[in-house]
There are 2 protein chains.
Amino acid sequence: MTAARRRLEPDQRREQILRCAIRLFGERPYAAVSTTEIAAEAGVARGLINHYFGTKRELYLVVVRRMLRVPSSAGATVPSGSLRRRVQASVDWFLDSVSPHARTWVAVIGTEGVGSDPDVEAILAEADEIAVDQVLAAVGLDDCAPGHDQRRAMVRAYGAMVKAATREWLVRETLSRDELRLLLTQSLVSLVRDTFPEISGQTKPGSA
Amino acid sequence: MTAARRRLEPDQRREQILRCAIRLFGERPYAAVSTTEIAAEAGVARGLINHYFGTKRELYLVVVRRMLRVPSSAGATVPSGSLRRRVQASVDWFLDSVSPHARTWVAVIGTEGVGSDPDVEAILAEADEIAVDQVLAAVGLDDCAPGHDQRRAMVRAYGAMVKAATREWLVRETLSRDELRLLLTQSLVSLVRDTFPEISGQTKPGSA
DNA sequence: CCAAGTTGTTGACGCCGCGCCAATAGCGTC
DNA sequence: GACGCTATTGGCGCGGCGTCAACAACTTGG
């Protein structure tokens, strides 16, 4: 009962399989999803998956990449005003762009214990770098030389907090949107205002 | 050539297999490590793994649990002094306890893209809760009622930043230990001093 | 309107990893 | 030294994955 096989444009078929894969990989960990299952879900022969994506693993990587494609750019307009205002605007923009994709976004960010996959990490890392660029741009510290790498590192770390806190909001619902907004804003302002100055070349003697 | 099979105490054998599993799972993602490989590494028959751990998956969970067992408690003595002093002391304690297990610790914290595993998440979550307790204790806000859940949520988010920043230090080496120390201290101080007050019950009217 | 070509799609084969279980053989005991 | 307990083994069956040659849907030329 192979319900009348139909011929599709490669792109359409590819997309169709990819959609099923995205859903299944979003529900269960990699090892718990079989290509047989994905194929069945898409109503195609299992071999077709290999034809389009090569390997189960490669399909998985495509899924990860796809799920990280944020609307990104678009509102890359840096607002003006005080530091706090600019930060607040960026935070709001982030929250707005996450809201629609909530479930999907959370699945991608989800941590899965031991044994990290280099390829997956590379994809996540690339997305993080873009985010860092946006944050630094919004804050107005694009790339002044001293302490450049350290600042980026710290913003990456801040990004991890953003992800975790957003999960608290979307999944555990332990934070309201306003509370999350407050947390993200305060933290970034503090980072830029208090921490950055102390690592930019000369160690500014802070009042202990 | 089954190099003269030897009989061991169950605990010893279990531990031996576990050690090999820890190493391999630390190097590659779950699906890329076979029980055959673990068995070979440990110099035992593959079936023995099932005998001791039941399932590959269960073995994996034991590995995750084991790798999260921090020296924990021990120096749970809350220091006294100003907020900043107490925070600083906690940060130092954390950095000291991570240093020895660096590689292992990082492997556990590592993120692995899409499709989170509920069981793994539960284990990580439990460890996080313990960490939150320690932080709140150090800060001196054990469990005063108003805004209790929000505070815990925010500290969990802070914990994510701690992990990420520590990775920057240990893996990417983009931050020195001192810079990391500064970042973690400043952030937590800011969190407690600036953000916490605004979510404790009455919304303190902030200067817009 | 049919034949030939193009190419999306299938199904089966071989391999390997995993869970299970009966058989085997260390090691202590009488 | 024989016996028994149990740690340990090895192989069976199932199922997932990658490959490949055959098949058929759709297109094009006559």
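Each chain gets a letter, A, B and so on, in the order its sequence line appears, and its residues count up from 1.
- Closest to the side chain of Thr36(B), from the set dG11(D), dG17(C), dC17(D), is dG17(C).
- Rounded to a whole Å, the CD atom of Gln12(A) is 14 Å from the C1' atom of dC26(D).
- The 12-atom threshold is not exceeded at CZ of Arg85(B), counting heavy atoms of other residues, nucleotides or ligands nearer than 6.0 Å.
- Contact record, Ile17(B) with Tyr52(B): CD1-CD1, 4.0 Å, taken as the closest heavy-atom pair.
- Contact annotation for Arg46(B): base contact, defined as any heavy-atom pair under 4.0 Å involving a base atom.
- Taking CD from Gln16(A) and CD from Glu41(A), the interatomic distance works out to 10.5 Å, rounded to the nearest 0.5 Å.
- Computed from coordinates, the Glu15(B) CD to dA7(D) C1' distance equals 17 Å when rounded to whole Å.
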Per-nucleotide protein contact string for nucleotides 23-30 of chain C (B base, S sugar-phosphate only, - none; heavy atom under 4.0 Å): -BBBS---
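- The CG atom of Leu48(B) sits 14 Å away from the P atom of dC20(C) (whole-angstrom rounding).
- At whole-Å resolution of the value, CZ in Arg13(A) and C1' in dT9(C) are 8 Å apart.
- Closest approach of Leu188(A) and Val139(A) over heavy atoms only: CD2-CG2, 4.4 Å.
- When the nearest nucleotides of DNA chain C are assigned to Gly43(A) and Glu37(B) by heavy-atom distance, the more 5′-ward of the two goes with Gly43(A).
- The listed nucleotides are dG18(D), dC17(D), dT9(C); the one nearest the side chain of Asn50(A) is dG18(D).
- Remark: His51(B), Tyr52(B) in residues 51-59 of chain B come within less than 4.0 Å of DNA chain D through at least one heavy atom.
- More than 12 heavy atoms of other residues, nucleotides or ligands sit less than 6.0 Å from atom CD of Glu15(B).
- Counting only heavy atoms from C-beta outward, the side chains of Ile199(A) and Met154(A) approach each other to under 4.5 Å.
- For Tyr60(B) and Phe25(B), the gap between ring centers is short of 6.0 Å.
- If you take CZ on Arg65(A) and CG on Leu124(A), they are separated by 10.5 Å, rounding to the nearest 0.5 Å.
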